[in-house]
Amino acid sequence: MNENLNLIEKLKNVPKGTKLWSPICGDCYFQKIVEGSCSPIVCTAMLVNGSYGTIYFTEEGLYFNKFTDGGC
């Protein structure tokens, strides 16, 4: 992984709803950046049951949830 990667800078002017892609959830949609958070990149993605849920990524692009964190 590139240590200098900062997705906050790349996403700061991206419109809400922009389609992104992650290896862990496939298509996901950018929602917002939460300044000062350990997982500031907020997206939505389709869950296993077919509904949409919120997922969080760090500024380096790592997946984060309240139970565990890991690379995406």
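None of these values were measured; they are calculated from a predicted model.
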For residues Tyr56 and Tyr63, determine if any side-chain heavy atom of one lies less than 4.5 Å from a side-chain heavy atom of the other. no
In terms of hydrophobic clusters joined by side-chain contacts under 4.5 Å, are Ile55 and Val14 together? yes
Using side-chain heavy atoms (C-beta onward) and a distance below 4.5 Å, is Trp21 in contact with Pro23? yes
So the side-chain hydrogen bond (donor to acceptor under 3.5 Å, both in side chains) pairs with at least one residue in residues 38-49 (sequence neighbours excluded) are Gln31-Thr44, Asn49-Ser51
Sub-4.5 Å side-chain heavy-atom contact between Cys43 and Phe57: yes
Can you find a heavy atom in the side chain of Met46 that is under 4.5 Å from one in the side chain of Asp27? no
Atom NZ in Lys32, atom CG in Leu11: separation rounded to 0.5 Å? 14.5 Å
Within this structure, what is the CD-CD1 distance for the pair Glu59 and Ile41, rounded to the nearest 0.5 Å? 7.5 Å
Does Gly26 offer a backbone N or O that forms a donor-acceptor pair with the side chain of Ser22 under 3.5 Å? no
Is a side-chain N or O of Ser37 found less than 3.5 angstrom from the main chain of Val34, in a donor-acceptor match? no
Rounded distance (nearest 0.5 Å) linking atom CG of Leu7 with atom CD1 of Ile33: 9.0 Å
